[in-house]
Amino acid sequence: MRFDQAFANMAFIPGGEDYPVRWTGAAAAFRTERAAQARLGLRYGPGARQKFDLFLPDGAPEGLVLFYHGGFWLAFGPSDFSHLARGALDRGWACAMPSYTLAPEAGLPAMVAE
C-alpha cells in the first residue's frame with residue numbers, strides 16, 4: 001500500500017483540491033461572526049501546535065463537544081474547520097477544536113522500527 005495515495009482522499013473527489021480553500025474561507029467567516037464567543041489559541045501542552053480553540057454557545061453550555069480535525073496527521077488545524085462548530089453551538093453545546101503535532105514531527109518510533 002502506498003500511504004501517500006491511501007491518505008490523499010481529495011485526489012479521488014472531483015473538485016477535491018478546492019475544498020481546503022472553501023473550508024478556510026467558511027471557517028474565517030465563522031470566527032469573525034462568533035468572535036465574542038470564541039477563545040482562540042488556548043494552550044494544552046508545550047508543543048507549538050498544542051493548543052485549541054473553544055467556541056461557546058449563548059448561555060450556559062449543555063456540555064462540550066470535541067472536534068478533532070482531519071488531515072491524516074499531515075495538514076490542517078482548527079482554523080480550517082471552525083465553521084463546523086456551528087451545529088453544536090446552535091444546540092447549546094460548547095465546542096473545543098484542538099490542533100496537534102503533525103508529521104513528520106509527530107511519529108510513532110516503535111511502529112516505524114517494526
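Quick caveat, the model's predicted, so the values are computed rather than measured.
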(message) If hydrophobic clusters are built from ILVMFWY residues whose side chains come within less than 4.5 Å, do Phe30 and Val65 share one?
(response) no
(request) Report whether Phe81 and Leu40 are members of the same hydrophobic cluster (ILVMFWY, side-chain heavy atoms less than 4.5 Å apart, transitive linking). (result) yes
(request) Not counting sequence neighbours, list each pair that qualifies as a salt bridge (charged side-chain N to carboxylate O under 4.0 Å, His left out) and has a residue in residues 36-65. (result) Arg31-Asp53
(message) With a 3.5 Å distance limit and no angle check, can you tell me whether Tyr44 reaches the backbone of Pro98 through a side-chain donor-acceptor pair?
(response) no
(message) Assigning hydrophobic clusters by single linkage (Ile, Leu, Val, Met, Phe, Trp, Tyr; side-chain heavy-atom cutoff under 4.5 Å), is Val21 placed with Phe76?
(response) no
(request) List the steps, then state whether side chain to side chain contact (heavy atoms under 4.5 Å, CB included) holds for Phe52 with Ser99. (result) CA-CA 6 Å; Phe52 67 98; Ser99 62; over 6 Å; no
What side-chain donor-acceptor pairs closer than 3.5 Å can you find for residues 83-96, not counting sequence neighbours?
from, atom 1, to, atom 2, distance (Å)
Arg86, NH1, Glu33, OE2, 2.9
Arg86, NH2, Glu33, OE1, 3.1
Arg91, NH1, Gly87, O, 2.8

(message) Side chains of Phe67 and Met97, heavy atoms from C-beta outward: is any pair under 4.5 Å?
(response) yes
(request) Scan for salt bridge (charged side-chain N to carboxylate O under 4.0 Å, His left out) pairs involving residues 14-26, sequence neighbours excluded, and state none if there are none. (result) none
(request) Look up atom CD in Gln50 and atom OH in Tyr100, then write down how far apart they are to the nearest 0.5 Å. (result) 13.0 Å
